[in-house]
Amino acid sequence: MSLTLYNTLTRSKQPFEPIDPERIAMYVCGPTVYNRVHIGNARPAVVFDTLYRVLNTLYPKVEYARNITDIDDKIMKTAAELGEDISALSTRYAQAYFDDMAALNNLSPTIVPYATQHIPEMIDMVTRLIEKGHAYNIDNGVEGEQGHVLFAVQSMSDYGALSGRSLDDMLAGARVEVASYKKYAGDFVLWKPSADNEPGWDSPWGRGRPGWHLECSAMIEKHLGDTIDIHGGGQDLIFPHHENEIAQSCCAHDGKPFANVWMHNGFINIEGEKMSKSLGNFRMVNDLLEQYPGEVLRYVILSAHYRSEQNFGKDLLDSAWRSLDTLYGFLRTHNDIEAASVDISDSDAYIALLDDLNTPMAISELHKLAREMHSAEGDNLPLAKGRLLANAGLMGLLQQDPEQWFTLSRGSDDISAEDVEALIAKRNQAKTDKDYAGADAVREELKSLGVVLEDSREGTKWRRG
RNA sequence: GGCGCGGUAGCAAAGUGGUAAUGCUGUGGACUGCAACUCCGCCAUCGUCGGUUCGAUUCCGACCCGCGCCUCCA
C-alpha cells in the first residue's frame, strides 16, 4: 500500500512520492505565542501528528518541524498591555502550547524552531531576494516608510499559483488600504523598521524586525532544505501566508520548488458559528481540558476528515466521550490479556489512513476491531487486542490504561476512589445479607455522585461517567 | 466582484454507478436480585429539478440553501 495525499497545489489527491525515501521533510505552521491556544489551533497539530505517525510506519526517518512564532505585533501588543517582557511572555505561552499539545497525545515534532533564533538566516534571505531583483528596500528617509523591505510580487511569474488567484483578482477584493510606498499594491513586507521602544535587530536596512512570512521560509531552508516533501497548516494560511512563503523560497532558490505537497486542514466552528472575538466564542484547549480528557478532544478532531469544516459543540464532545468509554470498556474487560505484536500493514484502518488520512473511516474500523476482540477466544484474543491497540496507536488513541481511564477523576469535586471502594464494600455486604434495598441505596448514592457500578462474576467494577 | 467548499438518518460522519460504513441517542428483546456493561434486532432512499445510463445518492447541467478566503486569523 502506498500513501495518497490531497495536494492543495493541484487540487487533487495524488500518490505521495518522497524526494528522498530515506528522509522525509515535513513542516507545519505552529502558533504565534501570545495567548493560550484555542481548539482550532489544535486541529492542525492533531492532524499532522497523525500524518507524522503514519509516515513513520513507511519511512525510516521523518523530520517534522513545527515552528514557534515568538516575534510578532500581536505579541508586542499583548506584552505591552500586560507590562511583561516580550520574551518572558512568548516563553510562557510556548510552554503552555507544548503542554496543551501533549495533553492531546501529540508527539513532539523532531524540530521546533523559534523565529527569534533565526534572524540572521532571515536577513540573509532578504539580502539574496534583493540581489536577485525580487525585493526592494524603501530608502527615502520618510518617517514610517524608511527601512521597509518589500517583496515585489510582479517579479515572480506564477505568484498566486497555490491559492489560484491572479494578481488582478487579489487586488479587486482587497479590503486593506495600500501603503503608498509600495511599488505594487500586492507587494508584501519582508522586513519592517522598529521604533526605539519596539523589539528589533540590526540589519542592512536599519534596526527592524521580520515580516510574518519570512520566518517559515528561512527556517525551512535551514533545517529541512530548499525543497521539502510536505507543508501543512490551516486553510486560512493558503493566502497570503503560504503563497508568500512560496514566493520567498522559490525566488531565493532560483525557481526551485518549495514544497511538493501542500496540505490544509479545515476550520473548527463552535455551535455553527465561526470562532471570533466579536462572538466571544473561543474555546481554549486548556479550558476544555478541565472538562474533558485530552483524548476526547483528539477523538473529536479525528472523527471528521481533516479537510472538512467541523462543528465543535457539547453534544459532539459528550458523544465522543461515550464512544471512548465503549472502546475502553472492551479493553478493560480484557485488561489481563497481553496484546500480541501484530503486522497492521493490511488492516483496513491503516489503509484508510493511507488514503489521505481518512480518520473517520479508521475510527469506524477501530470499533469493528474492538468488537472482534470482544468476541475472540483463546489465541486469537491477544492478536485481536494487538490489532486494536496498534491501529488505534496510529491515531494516538486508546493508549492509556483502561482502569485508569474509568477511575481517574473527571471533575474537581469528585468522590475519591477510596470512598467509592468503601461504599462498594458496604454494598457487597448488603448483597450478601440479601438486603437488596440497602444495596440499591448505595448504588443510587454513587450514581448521584457520578459513579456507575458494574457487577460481574469477577466482582464489582466502577467507573465515573 | 474573484477564488473555493459543502448540503447523507435525531446528532456526528464515511462511502459507492447496482438501493448507504461507523459512533452517540432512541427503541424492542436477552442477560441481571435490580441495574450497568455486553449481546441480538429496529430506526435514512443520500438539498431540489432535469440529463446521461439497463441502473445514480454516487457522472453532467440548472436551481435553492449554508459557508470560507481575497495581506498577517489554525
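Every chain is numbered from 1, with letters handed out A, B, ... down the list of sequences.
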Open item on the list: I'd like to know if A:Arg463 reaches the base of B:rC37 with its side chain such that a donor and an acceptor end up less than 3.5 angstrom apart.
Closed with: no
Open item on the list: I'd like to know if A:Lys77 and A:Glu81 make a salt bridge, using a cut-off of under 4.0 Å between side-chain N and carboxylate O.
Closed with: yes
Open item on the list: Salt bridge check, A:Asp356 against A:Arg307: does any charged N sit closer than 4.0 Å to a carboxylate O?
Closed with: yes
- [ ] Evaluate whether the aromatic ring of A:Phe267 and the six-membered ring of the B:rG68 base sit under 5.5 Å apart, centre to centre, with an inclination under 30°.
- [x] no
Task: Whole-angstrom distance between B:rG6 and B:rA12, as gauged at atom C1' - done: 15 Å
Open item on the list: Starting the side chain at C-beta, find the nucleotide from B:rG23, B:rU22, B:rG33 nearest to A:Lys368.
Closed with: B:rU22
- [ ] Taking only the side-chain heavy atoms of A:Trp212 (C-beta and beyond), determine which of B:rC72, B:rU22, B:rC34 contains the nearest atom.
- [x] B:rC72
Task: Spacing of A:Arg427 atom CZ relative to B:rA36 atom P, expressed in whole Å - done: 12 Å
Open item on the list: Salt bridge or not between A:Asp355 and A:Lys13? Use side-chain N to carboxylate O under 4.0 Å.
Closed with: yes
Task: Rounded distance (Å) that lies between atom C1' of B:rU22 and atom CG of A:Asn358 - done: 11 Å
Task: Rounded distance (Å) that lies between atom C1' of B:rU25 and atom CG of A:Leu316 - done: 13 Å
Task: Under 3.5 Å donor-acceptor pair, A:Arg43 side-chain atoms to B:rA74 base atoms - done: no
Task: Whole-Å C1' distance, B:rG10 and B:rU25 - done: 7 Å
Open item on the list: From CG of A:Asn428 over to C1' of B:rG33, roughly how many Å is that when rounded to an integer?
Closed with: 14 Å
Task: A:His374 side-chain proximity, nearest of B:rG68, B:rA74, B:rC39 - done: B:rC39
Task: Gap in Å between the two P atoms, one belonging to B:rA62 and one to B:rG4, rounded - done: 14 Å
Open item on the list: Would you call the rings of A:Phe258 and A:Trp262 parallel, tilted or perpendicular, taking 30° and 60° as the class edges?
Closed with: tilted
TODO: For B:rA12, take OP1 and OP2 only and decide whether either is under 4.0 Å from a side-chain N or O of A:Asn311.
DONE: no
Open item on the list: Pairing check on B:rU19: which nucleotide meets the Watson-Crick or G-U wobble criteria with it, both distances under 3.5 Å?
Closed with: none
Open item on the list: Can you tell me which residue among A:Asp73, A:Thr78, A:Asp72, A:Ile71 is in a side chain to side chain contact (heavy atoms under 4.5 Å, CB included) with A:Ile75?
Closed with: A:Asp72
Open item on the list: Of the options B:rA36, B:rA74, B:rU38, whose atoms approach the side-chain atoms of A:Asp236 most closely?
Closed with: B:rA74
- [ ] With P as the reference atom in both, quote the distance from B:rU27 to B:rC37 in angstrom, rounded to an integer.
- [x] 13 Å
Open item on the list: With rounding to the closest Å, how many angstrom separate the P atoms on B:rG15 and B:rU22?
Closed with: 15 Å
Task: Residue A:Arg165, side-chain heavy atoms: nucleotide from B:rG2, B:rC34, B:rU22 that is nearest - done: B:rG2
Task: Opposite nucleotide pairing with B:rG68, Watson-Crick or G-U, both atom distances under 3.5 Å - done: B:rC3
Open item on the list: In this structure, how many angstroms lie between the C1' atom of B:rC37 and the CZ atom of A:Arg322, rounded?
Closed with: 15 Å
- [ ] Report the nucleotide, chosen from B:rU71, B:rA36, B:rA74, that has the shortest atom-to-atom distance to any side-chain atom of A:Val452.
- [x] B:rA36
Open item on the list: In this structure, how many angstroms lie between the P atom of B:rG23 and the CG atom of A:Leu327, rounded?
Closed with: 9 Å
TODO: Give the nucleotide from the list B:rA74, B:rU38, B:rC69 with an atom nearest to the side chain of A:Thr326.
DONE: B:rU38
Task: pair A:Val28-A:Tyr52: side-chain heavy atoms closer than 4.5 Å - done: no
- [ ] Check whether any side-chain N or O of A:Ser308 sits under 4.0 Å from OP1 or OP2 of B:rC5, and answer yes or no.
- [x] no
Open item on the list: Nearest whole Å is fine: how far is B:rA74 P from A:Asn106 CG?
Closed with: 16 Å
- [ ] Please examine the side chains of A:Asn106 and A:Val46, heavy atoms only from C-beta on, and report whether any two atoms are closer than 4.5 Å.
- [x] yes
TODO: Test for a donor-acceptor pair under 3.5 Å between the base of B:rG33 and the side chain of A:Asp440, counting only N and O atoms.
DONE: yes
Open item on the list: Classify the ring geometry of A:Tyr159 against A:Phe188: parallel below 30°, tilted from 30° to 60°, perpendicular beyond 60°.
Closed with: parallel
Task: Nearest-angstrom distance, C1' atom, B:rC64 to B:rG47 - done: 8 Å
Task: Partner nucleotide, any strand, of B:rG61 [Watson-Crick/G-U, under 3.5 Å] - done: B:rC49
Task: Base-pairing mate for B:rG33 - Watson-Crick or G-U, with both contacts under 3.5 Å - done: none
- [ ] Counting heavy atoms from C-beta on, name the nucleotide in B:rC69, B:rG33, B:rA74 closest to the side chain of A:Met275.
- [x] B:rA74
Task: Separation of B:rC72 C1' from A:Lys192 NZ (nearest whole Å) - done: 8 Å
Open item on the list: Using the P atom as the point on both nucleotides, what is the distance between B:rC59 and B:rU16, in whole Å?
Closed with: 10 Å
Open item on the list: Taking the P atom in each of B:rC49 and B:rG41, what is the distance between them to the nearest angstrom?
Closed with: 35 Å
- [ ] Output the single nucleotide from B:rA36, B:rG33, B:rC73 whose closest atom is nearest the side chain of A:Ala439.
- [x] B:rG33
Task: A:Asp455 side-chain proximity, nearest of B:rA13, B:rU71, B:rA35 - done: B:rA35
- [ ] Write down the partner of B:rG41 under the Watson-Crick or G-U wobble criteria, each distance required to be under 3.5 Å.
- [x] B:rU27
